[in-house]
Protein chains: 4
Amino acid sequence: MIEFRVEVGTGVPPYRQLVDQVERALRLGHLHVGDRLPTVKEVARRLVINPNTVLKAYRELEHKGLAKGRPGLGTFIERGLDGLPAEQQAELRADLEKWLATAYRAGMDSDGIAALVATVLHEFRPEEN
Amino acid sequence: MIEFRVEVGTGVPPYRQLVDQVERALRLGHLHVGDRLPTVKEVARRLVINPNTVLKAYRELEHKGLAKGRPGLGTFIERGLDGLPAEQQAELRADLEKWLATAYRAGMDSDGIAALVATVLHEFRPEEN
Amino acid sequence: MIEFRVEVGTGVPPYRQLVDQVERALRLGHLHVGDRLPTVKEVARRLVINPNTVLKAYRELEHKGLAKGRPGLGTFIERGLDGLPAEQQAELRADLEKWLATAYRAGMDSDGIAALVATVLHEFRPEEN
Amino acid sequence: MIEFRVEVGTGVPPYRQLVDQVERALRLGHLHVGDRLPTVKEVARRLVINPNTVLKAYRELEHKGLAKGRPGLGTFIERGLDGLPAEQQAELRADLEKWLATAYRAGMDSDGIAALVATVLHEFRPEEN
DNA sequence: GTGGTCTAGACCACT
DNA sequence: GTGGTCTAGACCACT
(Lines give C-alpha, C1' and ligand atoms only; values in the text may rest on other atoms or scores of the structure.)
Protein backbone atom coordinates (compact mmCIF):
# COMPACT_ATOMS: atom_id res chain seq x y z
CA MET A 1 0.00 0.00 0.00
CA ILE A 2 1.39 3.38 -0.98
CA GLU A 3 2.59 5.60 1.85
CA PHE A 4 1.71 9.21 1.22
CA ARG A 5 3.55 12.14 2.65
CA VAL A 6 2.98 15.86 2.36
CA GLU A 7 5.68 18.49 2.60
CA VAL A 8 4.53 21.94 3.53
CA GLY A 9 6.42 25.01 2.48
CA THR A 10 7.26 23.71 -0.97
CA GLY A 11 4.60 25.77 -2.71
CA VAL A 12 3.13 22.61 -4.20
CA PRO A 13 -0.44 22.18 -2.99
CA PRO A 14 -0.96 19.04 -0.91
CA TYR A 15 -3.54 17.49 -3.23
CA ARG A 16 -1.05 17.86 -6.02
CA GLN A 17 1.68 16.18 -4.03
CA LEU A 18 -0.57 13.16 -3.55
CA VAL A 19 -1.30 12.97 -7.27
CA ASP A 20 2.40 13.21 -8.09
CA GLN A 21 3.26 10.47 -5.62
CA VAL A 22 0.78 8.07 -7.18
CA GLU A 23 2.12 8.85 -10.63
CA ARG A 24 5.65 8.27 -9.45
CA ALA A 25 4.72 4.99 -7.83
CA LEU A 26 3.09 3.87 -11.09
CA ARG A 27 6.16 4.81 -13.12
CA LEU A 28 8.46 3.00 -10.75
CA GLY A 29 6.27 -0.06 -10.69
CA HIS A 30 5.38 0.32 -7.02
CA LEU A 31 1.70 0.42 -7.84
CA HIS A 32 -0.15 -1.71 -10.36
CA VAL A 33 -3.53 -1.94 -12.02
CA GLY A 34 -6.07 -3.19 -9.52
CA ASP A 35 -4.17 -2.04 -6.45
CA ARG A 36 -6.25 -0.28 -3.87
CA LEU A 37 -5.24 3.12 -2.59
CA PRO A 38 -5.66 3.85 1.11
CA THR A 39 -9.11 5.18 1.92
CA VAL A 40 -9.77 8.89 1.81
CA LYS A 41 -10.39 8.97 5.51
CA GLU A 42 -7.28 7.05 6.41
CA VAL A 43 -5.02 9.32 4.37
CA ALA A 44 -6.71 12.38 5.85
CA ARG A 45 -6.22 11.07 9.35
CA ARG A 46 -2.60 10.05 8.91
CA LEU A 47 -1.47 13.24 7.15
CA VAL A 48 -3.73 15.43 9.26
CA ILE A 49 -5.33 17.04 6.24
CA ASN A 50 -8.96 17.41 5.25
CA PRO A 51 -10.71 14.44 3.60
CA ASN A 52 -11.83 16.77 0.82
CA THR A 53 -8.21 17.45 -0.03
CA VAL A 54 -7.54 13.74 -0.43
CA LEU A 55 -10.75 13.35 -2.39
CA LYS A 56 -9.62 16.10 -4.70
CA ALA A 57 -6.38 14.26 -5.38
CA TYR A 58 -8.23 11.02 -6.04
CA ARG A 59 -10.64 12.78 -8.38
CA GLU A 60 -7.70 14.23 -10.25
CA LEU A 61 -6.32 10.73 -10.67
CA GLU A 62 -9.72 9.66 -11.90
CA HIS A 63 -9.74 12.43 -14.50
CA LYS A 64 -6.35 11.24 -15.68
CA GLY A 65 -7.76 7.75 -16.01
CA LEU A 66 -5.28 6.42 -13.46
CA ALA A 67 -7.67 5.54 -10.64
CA LYS A 68 -11.33 4.97 -10.05
CA GLY A 69 -13.35 5.42 -6.88
CA ARG A 70 -15.92 2.75 -6.12
CA PRO A 71 -18.28 3.87 -3.39
CA GLY A 72 -18.37 1.37 -0.62
CA LEU A 73 -15.24 -0.38 -1.82
CA GLY A 74 -12.39 2.06 -2.10
CA THR A 75 -10.26 3.66 -4.80
CA PHE A 76 -8.42 1.48 -7.25
CA ILE A 77 -5.66 1.86 -9.83
CA GLU A 78 -7.15 1.69 -13.29
CA ARG A 79 -4.15 2.17 -15.53
CA GLY A 80 -0.41 1.94 -15.17
CA LEU A 81 2.30 4.23 -16.51
CA ASP A 82 4.86 2.34 -18.47
CA GLY A 83 8.42 2.66 -17.38
CA LEU A 84 11.52 0.63 -17.90
CA PRO A 85 11.67 -3.00 -16.82
CA ALA A 86 12.35 -3.28 -13.11
CA GLU A 87 15.89 -4.52 -13.54
CA GLN A 88 17.08 -1.70 -15.73
CA GLN A 89 15.42 0.74 -13.40
CA ALA A 90 17.09 -0.81 -10.40
CA GLU A 91 20.46 -0.42 -12.03
CA LEU A 92 19.92 3.25 -12.86
CA ARG A 93 18.68 3.77 -9.38
CA ALA A 94 21.71 2.18 -7.82
CA ASP A 95 23.96 4.46 -9.87
CA LEU A 96 22.00 7.51 -8.83
CA GLU A 97 22.23 6.48 -5.20
CA LYS A 98 25.97 6.19 -5.54
CA TRP A 99 26.12 9.68 -6.98
CA LEU A 100 23.99 10.99 -4.13
CA ALA A 101 26.20 9.40 -1.55
CA THR A 102 29.23 10.98 -3.16
CA ALA A 103 27.59 14.38 -3.15
CA TYR A 104 26.75 14.12 0.53
CA ARG A 105 30.24 12.92 1.31
CA ALA A 106 31.64 15.91 -0.56
CA GLY A 107 29.79 18.11 1.90
CA MET A 108 26.68 19.16 0.03
CA ASP A 109 23.45 19.48 1.96
CA SER A 110 20.14 18.34 0.52
CA ASP A 111 19.14 21.84 -0.55
CA GLY A 112 22.35 22.19 -2.49
CA ILE A 113 21.85 18.78 -4.04
CA ALA A 114 18.28 19.63 -4.93
CA ALA A 115 19.48 22.82 -6.59
CA LEU A 116 22.08 20.96 -8.61
CA VAL A 117 19.68 18.21 -9.63
CA ALA A 118 16.95 20.67 -10.61
CA THR A 119 19.37 22.65 -12.74
CA VAL A 120 20.80 19.66 -14.54
CA LEU A 121 17.37 18.16 -15.11
CA HIS A 122 16.09 21.39 -16.56
CA GLU A 123 18.99 21.81 -18.89
CA PHE A 124 18.39 18.45 -20.46
CA ARG A 125 14.67 18.89 -20.78
CA PRO A 126 13.95 21.89 -22.98
CA GLU A 127 14.59 20.02 -26.21
CA GLU A 128 11.61 17.81 -25.44
CA ASN A 129 9.00 20.53 -25.37
CA MET B 1 22.32 37.67 -15.98
CA ILE B 2 19.95 35.01 -14.65
CA GLU B 3 17.44 33.65 -17.12
CA PHE B 4 14.12 33.06 -15.45
CA ARG B 5 11.58 30.59 -16.67
CA VAL B 6 8.12 29.71 -15.43
CA GLU B 7 6.47 26.36 -15.85
CA VAL B 8 2.72 26.40 -15.62
CA GLY B 9 0.83 23.33 -14.58
CA THR B 10 3.28 22.35 -11.89
CA GLY B 11 1.14 23.73 -9.09
CA VAL B 12 4.01 25.89 -7.87
CA PRO B 13 3.02 29.57 -8.00
CA PRO B 14 5.10 31.57 -10.49
CA TYR B 15 6.46 34.01 -7.92
CA ARG B 16 7.72 31.06 -5.96
CA GLN B 17 9.41 29.58 -9.00
CA LEU B 18 11.34 32.83 -9.49
CA VAL B 19 12.47 32.85 -5.88
CA ASP B 20 13.55 29.21 -6.09
CA GLN B 21 15.53 29.91 -9.24
CA VAL B 22 17.45 32.72 -7.63
CA GLU B 23 18.22 30.55 -4.62
CA ARG B 24 19.42 27.75 -6.84
CA ALA B 25 21.61 30.11 -8.84
CA LEU B 26 23.15 31.36 -5.60
CA ARG B 27 23.86 27.87 -4.36
CA LEU B 28 25.44 26.87 -7.64
CA GLY B 29 27.51 30.01 -7.79
CA HIS B 30 25.78 31.31 -10.88
CA LEU B 31 24.86 34.51 -9.06
CA HIS B 32 27.07 36.45 -6.69
CA VAL B 33 26.81 39.33 -4.26
CA GLY B 34 26.44 42.55 -6.19
CA ASP B 35 24.95 40.95 -9.29
CA ARG B 36 21.98 42.75 -10.70
CA LEU B 37 18.74 40.91 -11.36
CA PRO B 38 16.79 41.73 -14.52
CA THR B 39 14.24 44.49 -14.08
CA VAL B 40 10.72 43.67 -13.05
CA LYS B 41 9.40 44.99 -16.33
CA GLU B 42 11.81 42.97 -18.39
CA VAL B 43 11.03 39.70 -16.59
CA ALA B 44 7.31 40.39 -16.83
CA ARG B 45 7.54 41.03 -20.54
CA ARG B 46 9.71 38.02 -21.33
CA LEU B 47 7.70 35.52 -19.27
CA VAL B 48 4.38 37.13 -20.12
CA ILE B 49 3.35 37.43 -16.51
CA ASN B 50 2.12 40.32 -14.45
CA PRO B 51 4.78 42.74 -13.12
CA ASN B 52 3.22 42.40 -9.69
CA THR B 53 4.09 38.73 -9.70
CA VAL B 54 7.73 39.51 -10.35
CA LEU B 55 7.63 42.25 -7.75
CA LYS B 56 6.31 39.78 -5.24
CA ALA B 57 9.21 37.43 -5.94
CA TYR B 58 11.75 40.22 -5.54
CA ARG B 59 10.13 41.33 -2.31
CA GLU B 60 10.33 37.76 -1.06
CA LEU B 61 14.05 37.75 -1.84
CA GLU B 62 14.39 40.97 0.11
CA HIS B 63 12.63 39.43 3.08
CA LYS B 64 15.11 36.58 2.96
CA GLY B 65 17.95 39.07 2.85
CA LEU B 66 19.14 37.71 -0.47
CA ALA B 67 18.45 40.74 -2.63
CA LYS B 68 17.87 44.46 -2.26
CA GLY B 69 16.06 46.85 -4.55
CA ARG B 70 17.68 50.22 -5.14
CA PRO B 71 15.13 52.59 -6.61
CA GLY B 72 16.19 53.79 -10.00
CA LEU B 73 19.07 51.35 -10.21
CA GLY B 74 17.65 47.86 -10.05
CA THR B 75 17.63 44.86 -7.74
CA PHE B 76 20.93 43.48 -6.51
CA ILE B 77 22.09 40.34 -4.79
CA GLU B 78 22.90 41.09 -1.17
CA ARG B 79 24.00 37.75 0.15
CA GLY B 80 25.18 34.46 -1.28
CA LEU B 81 24.27 30.91 -0.28
CA ASP B 82 27.31 28.87 0.43
CA GLY B 83 27.86 25.81 -1.60
CA LEU B 84 30.85 23.72 -2.51
CA PRO B 85 33.81 25.25 -4.31
CA ALA B 86 33.13 25.55 -8.01
CA GLU B 87 35.48 22.77 -8.99
CA GLN B 88 34.03 20.14 -6.72
CA GLN B 89 30.58 21.13 -7.83
CA ALA B 90 31.55 20.92 -11.48
CA GLU B 91 32.76 17.41 -10.94
CA LEU B 92 29.59 16.27 -9.22
CA ARG B 93 27.61 17.93 -11.92
CA ALA B 94 29.52 16.19 -14.68
CA ASP B 95 28.86 12.85 -13.00
CA LEU B 96 25.18 13.60 -12.68
CA GLU B 97 25.02 14.57 -16.33
CA LYS B 98 26.60 11.29 -17.26
CA TRP B 99 24.01 9.45 -15.23
CA LEU B 100 21.24 11.42 -16.91
CA ALA B 101 22.56 10.66 -20.35
CA THR B 102 22.65 6.98 -19.48
CA ALA B 103 19.08 7.11 -18.25
CA TYR B 104 17.88 8.73 -21.44
CA ARG B 105 19.85 6.27 -23.51
CA ALA B 106 18.22 3.43 -21.60
CA GLY B 107 14.89 4.72 -22.84
CA MET B 108 13.52 6.69 -19.92
CA ASP B 109 11.60 9.87 -20.60
CA SER B 110 11.99 12.95 -18.48
CA ASP B 111 8.88 12.21 -16.41
CA GLY B 112 10.22 8.79 -15.62
CA ILE B 113 13.58 10.25 -14.70
CA ALA B 114 11.94 12.91 -12.56
CA ALA B 115 10.00 10.19 -10.75
CA LEU B 116 13.13 8.17 -10.09
CA VAL B 117 15.12 11.19 -8.95
CA ALA B 118 12.36 12.43 -6.66
CA THR B 119 12.05 9.03 -5.07
CA VAL B 120 15.74 8.55 -4.47
CA LEU B 121 16.12 12.11 -3.15
CA HIS B 122 13.28 11.62 -0.74
CA GLU B 123 14.57 8.36 0.58
CA PHE B 124 17.86 9.92 1.54
CA ARG B 125 16.27 12.93 3.16
CA PRO B 126 13.99 11.73 5.93
CA GLU B 127 16.77 11.88 8.52
CA GLU B 128 16.76 15.66 8.14
CA ASN B 129 13.14 16.24 9.11
CA MET C 1 -23.76 35.21 -21.74
CA ILE C 2 -25.14 31.81 -20.78
CA GLU C 3 -27.97 31.79 -18.27
CA PHE C 4 -27.64 28.91 -15.86
CA ARG C 5 -30.51 27.33 -14.02
CA VAL C 6 -30.61 24.53 -11.49
CA GLU C 7 -33.55 22.25 -10.95
CA VAL C 8 -33.73 20.55 -7.61
CA GLY C 9 -35.42 17.25 -7.15
CA THR C 10 -34.23 15.78 -10.42
CA GLY C 11 -31.55 13.67 -8.83
CA VAL C 12 -28.93 15.29 -11.02
CA PRO C 13 -26.36 17.08 -8.87
CA PRO C 14 -26.29 20.86 -9.42
CA TYR C 15 -22.65 20.98 -10.52
CA ARG C 16 -23.51 18.41 -13.13
CA GLN C 17 -26.46 20.41 -14.38
CA LEU C 18 -24.16 23.38 -14.97
CA VAL C 19 -21.71 21.24 -16.92
CA ASP C 20 -24.52 19.80 -19.03
CA GLN C 21 -25.87 23.24 -19.79
CA VAL C 22 -22.54 24.48 -21.06
CA GLU C 23 -22.15 21.40 -23.23
CA ARG C 24 -25.62 21.88 -24.64
CA ALA C 25 -24.94 25.53 -25.37
CA LEU C 26 -21.76 24.54 -27.19
CA ARG C 27 -23.56 21.94 -29.26
CA LEU C 28 -26.31 24.35 -30.16
CA GLY C 29 -23.86 27.07 -31.06
CA HIS C 30 -24.98 29.34 -28.23
CA LEU C 31 -21.44 29.48 -26.86
CA HIS C 32 -18.24 29.74 -28.82
CA VAL C 33 -14.51 29.51 -28.28
CA GLY C 34 -13.31 32.58 -26.40
CA ASP C 35 -16.67 33.32 -24.78
CA ARG C 36 -16.49 34.14 -21.12
CA LEU C 37 -18.65 32.27 -18.66
CA PRO C 38 -20.24 34.22 -15.82
CA THR C 39 -17.97 34.46 -12.79
CA VAL C 40 -18.08 31.81 -10.13
CA LYS C 41 -19.39 34.28 -7.61
CA GLU C 42 -22.10 35.64 -9.85
CA VAL C 43 -23.47 32.20 -10.67
CA ALA C 44 -23.35 31.27 -7.01
CA ARG C 45 -25.22 34.40 -6.03
CA ARG C 46 -27.88 34.14 -8.73
CA LEU C 47 -28.61 30.45 -8.23
CA VAL C 48 -28.16 30.64 -4.47
CA ILE C 49 -25.65 27.82 -4.40
CA ASN C 50 -22.17 27.64 -2.99
CA PRO C 51 -19.27 29.08 -5.01
CA ASN C 52 -17.44 25.79 -4.60
CA THR C 53 -20.23 24.01 -6.41
CA VAL C 54 -19.87 26.35 -9.37
CA LEU C 55 -16.12 26.00 -9.23
CA LYS C 56 -16.51 22.26 -9.33
CA ALA C 57 -18.56 22.53 -12.50
CA TYR C 58 -16.01 24.83 -14.08
CA ARG C 59 -13.19 22.50 -13.14
CA GLU C 60 -15.07 19.63 -14.72
CA LEU C 61 -15.34 21.66 -17.91
CA GLU C 62 -11.64 22.30 -17.68
CA HIS C 63 -10.91 18.61 -17.37
CA LYS C 64 -12.97 18.03 -20.48
CA GLY C 65 -10.92 20.65 -22.26
CA LEU C 66 -14.00 22.79 -22.84
CA ALA C 67 -13.18 25.75 -20.61
CA LYS C 68 -10.22 27.28 -18.84
CA GLY C 69 -10.15 29.43 -15.72
CA ARG C 70 -7.79 32.39 -15.77
CA PRO C 71 -7.34 33.82 -12.29
CA GLY C 72 -8.11 37.46 -12.27
CA LEU C 73 -9.85 37.35 -15.62
CA GLY C 74 -12.61 34.80 -15.57
CA THR C 75 -13.43 31.45 -17.15
CA PHE C 76 -13.35 31.08 -20.91
CA ILE C 77 -14.52 28.58 -23.50
CA GLU C 78 -11.54 26.74 -24.90
CA ARG C 79 -13.10 24.33 -27.35
CA GLY C 80 -16.43 24.00 -29.13
CA LEU C 81 -18.53 20.91 -29.73
CA ASP C 82 -19.38 20.49 -33.35
CA GLY C 83 -23.00 20.31 -34.25
CA LEU C 84 -24.99 20.82 -37.38
CA PRO C 85 -24.89 24.15 -39.19
CA ALA C 86 -27.20 26.64 -37.51
CA GLU C 87 -29.74 26.58 -40.30
CA GLN C 88 -30.26 22.85 -40.33
CA GLN C 89 -30.47 22.90 -36.57
CA ALA C 90 -33.03 25.69 -36.64
CA GLU C 91 -35.20 23.69 -38.97
CA LEU C 92 -35.09 20.57 -36.82
CA ARG C 93 -35.80 22.70 -33.84
CA ALA C 94 -38.82 24.31 -35.43
CA ASP C 95 -40.21 20.88 -36.26
CA LEU C 96 -39.66 19.69 -32.71
CA GLU C 97 -41.40 22.76 -31.35
CA LYS C 98 -44.38 22.04 -33.58
CA TRP C 99 -44.53 18.53 -32.22
CA LEU C 100 -44.34 19.82 -28.68
CA ALA C 101 -47.15 22.27 -29.27
CA THR C 102 -49.28 19.47 -30.66
CA ALA C 103 -48.57 17.31 -27.64
CA TYR C 104 -49.57 20.05 -25.23
CA ARG C 105 -52.68 20.76 -27.26
CA ALA C 106 -53.60 17.09 -27.09
CA GLY C 107 -53.63 17.44 -23.33
CA MET C 108 -50.29 16.04 -22.22
CA ASP C 109 -48.53 17.69 -19.32
CA SER C 110 -44.79 18.21 -19.31
CA ASP C 111 -44.13 15.14 -17.17
CA GLY C 112 -46.02 13.03 -19.65
CA ILE C 113 -44.15 14.59 -22.52
CA ALA C 114 -40.84 14.08 -20.75
CA ALA C 115 -41.71 10.44 -20.24
CA LEU C 116 -42.58 9.97 -23.89
CA VAL C 117 -39.49 11.77 -25.10
CA ALA C 118 -37.18 9.86 -22.75
CA THR C 119 -38.64 6.56 -23.88
CA VAL C 120 -38.39 7.30 -27.58
CA LEU C 121 -34.88 8.66 -27.22
CA HIS C 122 -33.74 5.59 -25.35
CA GLU C 123 -35.19 3.21 -27.86
CA PHE C 124 -33.23 4.77 -30.65
CA ARG C 125 -29.99 4.93 -28.76
CA PRO C 126 -28.97 1.45 -27.73
CA GLU C 127 -27.58 0.58 -31.16
CA GLU C 128 -24.96 3.28 -30.70
CA ASN C 129 -23.37 1.80 -27.61
CA MET D 1 -42.61 -7.13 -17.46
CA ILE D 2 -40.71 -3.86 -17.26
CA GLU D 3 -37.09 -3.99 -18.37
CA PHE D 4 -34.95 -1.83 -16.16
CA ARG D 5 -31.69 -0.31 -17.25
CA VAL D 6 -29.16 1.82 -15.42
CA GLU D 7 -26.88 4.32 -17.04
CA VAL D 8 -23.79 5.15 -15.09
CA GLY D 9 -22.05 8.45 -15.53
CA THR D 10 -25.24 10.45 -15.76
CA GLY D 11 -25.06 11.66 -12.21
CA VAL D 12 -28.53 10.32 -11.48
CA PRO D 13 -28.36 7.74 -8.70
CA PRO D 14 -29.33 4.25 -9.85
CA TYR D 15 -32.21 3.86 -7.42
CA ARG D 16 -33.64 7.06 -8.81
CA GLN D 17 -33.32 5.84 -12.36
CA LEU D 18 -35.38 2.78 -11.48
CA VAL D 19 -38.10 4.89 -9.88
CA ASP D 20 -38.18 7.19 -12.90
CA GLN D 21 -38.50 4.26 -15.25
CA VAL D 22 -41.49 2.88 -13.43
CA GLU D 23 -43.14 6.29 -13.45
CA ARG D 24 -42.53 6.65 -17.15
CA ALA D 25 -43.90 3.21 -17.85
CA LEU D 26 -47.03 4.09 -15.88
CA ARG D 27 -47.52 7.32 -17.76
CA LEU D 28 -47.09 5.60 -21.11
CA GLY D 29 -49.44 2.83 -20.16
CA HIS D 30 -46.73 0.19 -20.26
CA LEU D 31 -47.47 -0.78 -16.69
CA HIS D 32 -50.90 -1.09 -15.10
CA VAL D 33 -52.42 -1.56 -11.69
CA GLY D 34 -51.82 -5.09 -10.54
CA ASP D 35 -48.76 -5.68 -12.68
CA ARG D 36 -45.89 -7.32 -10.90
CA LEU D 37 -42.44 -5.79 -10.92
CA PRO D 38 -39.44 -8.09 -11.28
CA THR D 39 -38.04 -9.30 -7.99
CA VAL D 40 -35.34 -7.36 -6.21
CA LYS D 41 -32.92 -10.23 -6.64
CA GLU D 42 -33.59 -10.54 -10.33
CA VAL D 43 -33.12 -6.84 -11.01
CA ALA D 44 -29.96 -6.78 -8.92
CA ARG D 45 -28.53 -9.72 -10.77
CA ARG D 46 -29.38 -8.46 -14.24
CA LEU D 47 -28.12 -4.90 -13.69
CA VAL D 48 -25.21 -5.99 -11.53
CA ILE D 49 -26.13 -3.63 -8.72
CA ASN D 50 -26.65 -4.18 -5.03
CA PRO D 51 -30.05 -5.58 -3.98
CA ASN D 52 -30.32 -2.79 -1.43
CA THR D 53 -30.30 -0.28 -4.24
CA VAL D 54 -33.26 -1.99 -5.88
CA LEU D 55 -34.98 -2.29 -2.56
CA LYS D 56 -34.55 1.43 -2.03
CA ALA D 57 -36.21 2.14 -5.37
CA TYR D 58 -39.14 -0.14 -4.57
CA ARG D 59 -39.55 1.46 -1.17
CA GLU D 60 -39.58 4.85 -2.84
CA LEU D 61 -42.37 3.65 -5.12
CA GLU D 62 -44.27 2.50 -2.06
CA HIS D 63 -43.90 5.90 -0.46
CA LYS D 64 -45.36 7.44 -3.57
CA GLY D 65 -48.24 4.98 -3.40
CA LEU D 66 -47.36 3.58 -6.80
CA ALA D 67 -46.36 0.09 -5.77
CA LYS D 68 -46.78 -2.28 -2.86
CA GLY D 69 -44.62 -5.16 -1.76
CA ARG D 70 -46.41 -8.33 -0.72
CA PRO D 71 -44.03 -10.53 1.20
CA GLY D 72 -43.57 -13.82 -0.50
CA LEU D 73 -45.41 -12.74 -3.62
CA GLY D 74 -43.54 -9.78 -5.09
CA THR D 75 -44.06 -6.10 -5.68
CA PHE D 76 -47.16 -4.92 -7.46
CA ILE D 77 -48.35 -1.73 -9.06
CA GLU D 78 -50.93 -0.08 -6.84
CA ARG D 79 -51.82 3.02 -8.79
CA GLY D 80 -51.44 4.27 -12.33
CA LEU D 81 -50.45 7.70 -13.59
CA ASP D 82 -52.97 9.07 -15.97
CA GLY D 83 -51.85 9.89 -19.43
CA LEU D 84 -53.55 10.24 -22.76
CA PRO D 85 -55.53 7.38 -24.27
CA ALA D 86 -53.21 4.89 -25.91
CA GLU D 87 -54.23 5.82 -29.41
CA GLN D 88 -53.53 9.51 -29.12
CA GLN D 89 -50.25 8.72 -27.44
CA ALA D 90 -49.28 6.31 -30.18
CA GLU D 91 -49.87 9.01 -32.74
CA LEU D 92 -47.75 11.57 -30.94
CA ARG D 93 -45.11 8.97 -30.49
CA ALA D 94 -45.05 8.08 -34.15
CA ASP D 95 -44.60 11.74 -35.01
CA LEU D 96 -41.76 12.11 -32.56
CA GLU D 97 -40.08 9.04 -33.96
CA LYS D 98 -40.33 10.53 -37.44
CA TRP D 99 -38.70 13.70 -36.16
CA LEU D 100 -35.95 11.69 -34.53
CA ALA D 101 -35.27 9.75 -37.70
CA THR D 102 -35.00 13.02 -39.61
CA ALA D 103 -32.57 14.41 -37.08
CA TYR D 104 -30.35 11.35 -37.30
CA ARG D 105 -30.52 11.44 -41.07
CA ALA D 106 -29.46 15.08 -41.00
CA GLY D 107 -26.31 13.97 -39.26
CA MET D 108 -26.95 14.68 -35.59
CA ASP D 109 -25.63 12.28 -33.00
CA SER D 110 -27.61 11.33 -29.96
CA ASP D 111 -25.82 13.81 -27.72
CA GLY D 112 -26.65 16.60 -30.12
CA ILE D 113 -30.24 15.47 -30.26
CA ALA D 114 -30.42 15.23 -26.50
CA ALA D 115 -29.08 18.79 -26.25
CA LEU D 116 -31.65 20.08 -28.70
CA VAL D 117 -34.51 18.23 -27.04
CA ALA D 118 -33.52 19.35 -23.55
CA THR D 119 -33.35 22.94 -24.68
CA VAL D 120 -36.66 22.96 -26.43
CA LEU D 121 -38.36 21.14 -23.56
CA HIS D 122 -37.00 23.63 -21.07
CA GLU D 123 -38.06 26.63 -23.05
CA PHE D 124 -41.65 25.50 -23.07
CA ARG D 125 -41.69 24.70 -19.42
CA PRO D 126 -40.87 27.83 -17.47
CA GLU D 127 -44.50 28.87 -17.22
CA GLU D 128 -45.09 25.86 -15.00
CA ASN D 129 -42.63 26.77 -12.28
C1' DG E 1 -17.54 1.88 6.22
C1' DT E 2 -16.42 4.01 1.56
C1' DG E 3 -16.62 7.45 -1.90
C1' DG E 4 -19.42 11.72 -3.46
C1' DT E 5 -21.84 16.21 -3.04
C1' DC E 6 -22.65 20.36 -0.88
C1' DT E 7 -22.32 24.35 2.27
C1' DA E 8 -19.90 28.09 4.74
C1' DG E 9 -16.10 30.47 5.10
C1' DA E 10 -10.94 31.54 5.36
C1' DC E 11 -7.03 32.64 2.77
C1' DC E 12 -3.97 32.84 -1.37
C1' DA E 13 -2.22 34.06 -6.24
C1' DC E 14 -2.91 36.74 -10.20
C1' DT E 15 -4.82 40.83 -12.96
C1' DG F 1 -12.28 41.40 -8.33
C1' DT F 2 -11.35 36.60 -10.22
C1' DG F 3 -10.19 31.85 -9.91
C1' DG F 4 -7.92 28.25 -6.68
C1' DT F 5 -6.96 25.71 -2.35
C1' DC F 6 -8.13 24.21 2.01
C1' DT F 7 -10.76 23.28 6.26
C1' DA F 8 -14.75 21.65 8.95
C1' DG F 9 -18.63 19.39 8.85
C1' DA F 10 -23.34 17.71 7.20
C1' DC F 11 -25.64 14.45 4.49
C1' DC F 12 -26.28 11.01 0.72
C1' DA F 13 -25.65 6.63 -2.21
C1' DC F 14 -23.69 2.22 -2.44
C1' DT F 15 -21.51 -2.19 -0.52
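The sequence lines fix the lettering, A, B, ..., with proteins before strands; numbering per chain opens at 1. All values reported here derive from a predicted model rather than from experimental measurement.
- Side-chain polar atoms of A/His122 and B/Glu7 form a donor-acceptor pair below 3.5 angstrom.
- A donor-acceptor pair under 3.5 Å links the side-chain atoms of D/Arg36 to the main chain of D/Leu73, judged by distance alone.
- Between the CD atom of C/Glu62 and the C1' atom of F/dG4 there is a distance of 10 Å, rounded to whole Å.
- Of the residues in residues 38-52 of chain C, those with a non-hydrogen atom less than 4.0 angstrom from any atom of DNA chain F are C/Thr39, C/Val40, C/Lys41, C/Asn52.
- Checking side-chain atoms of D/Arg5 against main-chain N and O of D/Gln17 turns up no donor-acceptor pair under 3.5 Å.
- The side chain of C/Pro14 has E/dC6 as its nearest neighbour among F/dA13, E/dC14, E/dC6.
- The two atoms that bring B/Tyr58 and B/Pro38 nearest to each other are OH-O, 2.7 Å, heavy atoms only.
- Using a 4.0 Å cut-off between charged nitrogen and carboxylate oxygen, A/Arg70 and A/Glu78 count as a salt-bridge pair.
- When the C1' atom of E/dT15 is taken as reference, atom CZ of C/Arg36 falls 12 Å away, rounded to whole Å.
- Toward the 5′ end of DNA chain F lies the nearest nucleotide of A/Val12, the other residue of the pair D/Arg16 and A/Val12 mapping further downstream.
- Put simply, A/Thr75 has a side-chain N or O that comes within less than 4.0 Å of OP1 or OP2 on E/dG3.
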In dot-bracket form, how is DNA chain F paired, counting a Watson-Crick or G-U wobble pair only if both its distances are under 3.5 Å and using | for bases paired to another strand? ||||||||||||||.
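- Nucleotide F/dT2 holds its P atom 11 Å from the OH atom of C/Tyr58, rounded to whole Å.
- Salt bridge C/Asp20/C/Arg24: absent, no basic N to carboxylate O contact under 4.0 Å.
- Remark on DNA chain F: of its neighbouring residues C/Arg70 and A/Tyr15, the 5'-side contact belongs to C/Arg70, judged by nearest-heavy-atom nucleotide.
- Counting heavy atoms from C-beta on, the side chains of B/Val6 and B/Leu18 come closer than 4.5 Å.
- Between C/Thr53 and the phosphate of E/dT7, there is a side-chain N or O to OP1/OP2 separation shorter than 4.0 Å.
- Ion pairing between a basic and an acidic side chain is recognised when a charged N comes within 4.0 Å of a carboxylate O; C/Arg16 and C/Glu60 show no such pairing.
- For D/Ile2 against D/Ala25, the heavy-atom pair with the smallest separation is CD1-CB, 3.9 Å.
- Across the interface with DNA chain E, nearest-nucleotide mapping of A/Gly72 and A/Arg59 shows A/Gly72 to be the residue nearer the 5′ end.
- Summarising the geometry, the separation between CG on A/Leu55 and P on F/dT5 is reported as 14 Å, rounded to the nearest angstrom.
- Where C/Leu73 and A/Lys68 meet DNA chain E, the nucleotide closest to each residue was compared, and A/Lys68 sits on the side nearer the 5' end.
- Between F/dT5 and A/Lys56, a contact under 4.0 Å exists linking OP1 or OP2 to a side-chain N or O.
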